[in-house]
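For reference, the structure is listed below as structure tokens.
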There are 2 protein chains.
Amino acid sequence: MSLRHALLGLLSERPASGYDLLKLFETSLATAWPATQSQIYTELTKLAGTGLINVAAEGPRGRKEYALTDEGLAELRHWLTETKPQRNTRSDILLRVFFLGVLTAEQARGYLTELIELSDQGYQGLRRLEESVDWDDDSLSVYGRIALEYGLRFNAMRREWAEWAAGQIT
Amino acid sequence: MSLRHALLGLLSERPASGYDLLKLFETSLATAWPATQSQIYTELTKLAGTGLINVAAEGPRGRKEYALTDEGLAELRHWLTETKPQRNTRSDILLRVFFLGVLTAEQARGYLTELIELSDQGYQGLRRLEESVDWDDDSLSVYGRIALEYGLRFNAMRREWAEWAAGQIT
DNA sequence: GAACACATGTAACCTGTTACATGATTTG
DNA sequence: CAAATCATGTAACAGGTTACATGTGTTC
């Protein structure tokens, strides 16, 4: 149940509304853990029900600003230190590779060429993000940059692999 | 709906029972697309219902051997060539990185050290798999090796990144 | 005052996980 | 004959996606 912890994590930085959190997901967490609007609002209601967060303020247009409670912070720390990260990663990009044999060599190379482009776009998108964000000294900035570096390295690795793979197809 | 296509892909190589497919998932597709026994049997029944596969033979112990139909092969090719791979990858490993700021520097480095070990184990597991499989000339072997190379490079990349990241924490 | 951004909530559906339930054949 | 392996099926639940539904405040 990582969505729950993603929300607690974002709220550990500062209070925010469901709408704020939706925007934060789109900009910062999108590559690690995408979430939809409907999911976020539903989960916030549940989290408030169990006391891990509470409604700290209400604003115009029905805005509810949620804040992390002590219990919520404890739960976040527990998740980070006591539970093993091991969720199976699913990649339909990689899955397709196994079955490229049902296509012609040309089509298979075409798929890998697409992956090269995809990786380039991913890389460049992250570079643009890096430039557009004003990185201050809060911990989300520090660790956000580390996560971004992961994305850059990942896309570079995938590009090189896809180039190598295209060369393997005779 | 990638599970459906994973099954079609495996059956494109040769007919197989649900049990066979379960084993194939465990050995070859596990890193790209894990699937449970219950999921596989349910999906096979659905696929047979829509005519993408059929029961080609029945064996002892209620064994049903499924084979890909022409329609199934067409659907597999369609998936590979006409649909964009873009499923959001979720990584709770990366998600946690964003929130390491709520821990002490020591705890955060501890997490990254775990990731180094995890990556090493992943790398070594794939090396062992590479040695244990007898790679013949069928297309699953050719593309299976390419997918395996991806896993090796991925784990190497992640290890190097985690080492770099641990050094970033002051 | 029209368009856009802010703001929330819910219902239906699909996918995936865990657990239960059962039985047949082979191997030591 | 006991244990391991082969073999299938289903039910309950959790998590995620898409679509619908509604309304307020700001900006041009």
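Convention: sequence-line order gives letters A, B, ...; per-chain numbering from 1.
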Whole Å only: how far is the [atom1] atom of [X] from the [atom2] atom of [N]?
X     : N      : atom1 : atom2 : value
A:Q39 : D:dA19 : CD    : P     : 15 Å
B:I40 : D:dT8  : CD1   : P     : 11 Å
A:E43 : D:dG16 : CD    : C1'   : 11 Å

Reckon A:S17 touches a base, only the sugar-phosphate, or nothing at all at heavy-atom distances under 4.0 Å?
-> sugar-phosphate
From the set [options], return the single nucleotide nearest to any side-chain atom of [X].
X     : options                : value
B:T42 : D:dG23, D:dG16, D:dT10 : D:dT10
B:R63 : C:dT17, D:dT26, D:dT8  : D:dT8
B:R61 : D:dG16, C:dA24, C:dG16 : C:dA24

Heavy atoms from other residues, nucleotides or ligands near CG of B:D70 exceed 12 (cutoff 6.0 Å) = no
With a cut-off of under 6.0 Å to the ring centre and 45° to the axis, is A:R153 in cation-pi contact with B:W164?
-> yes
Is there a donor and acceptor pair closer than 3.5 Å between the side chain of B:Q37 and the base of D:dG9?
-> yes
Has the side chain of B:S38 got a donor or acceptor atom sitting under 3.5 Å from an opposite partner on the base of C:dT18?
-> yes
Give a yes/no on whether any side-chain N or O of [X] is located under 4.0 angstrom from OP1 or OP2 of [N].
X     : N      : answer
A:Y41 : C:dG9  : no
A:K23 : C:dA7  : no
B:R90 : D:dT17 : yes

Nearest-nucleotide comparison on DNA chain D, the residue closer to the 5′ end among B:E65 and A:P34 | B:E65
Taking the side chain from B:T89 and the backbone from A:S91, do they hold a donor-acceptor pair closer than 3.5 Å?
-> no
Donor-acceptor pair, B:Y19 side chain versus B:K64 backbone, under 3.5 Å?
-> no
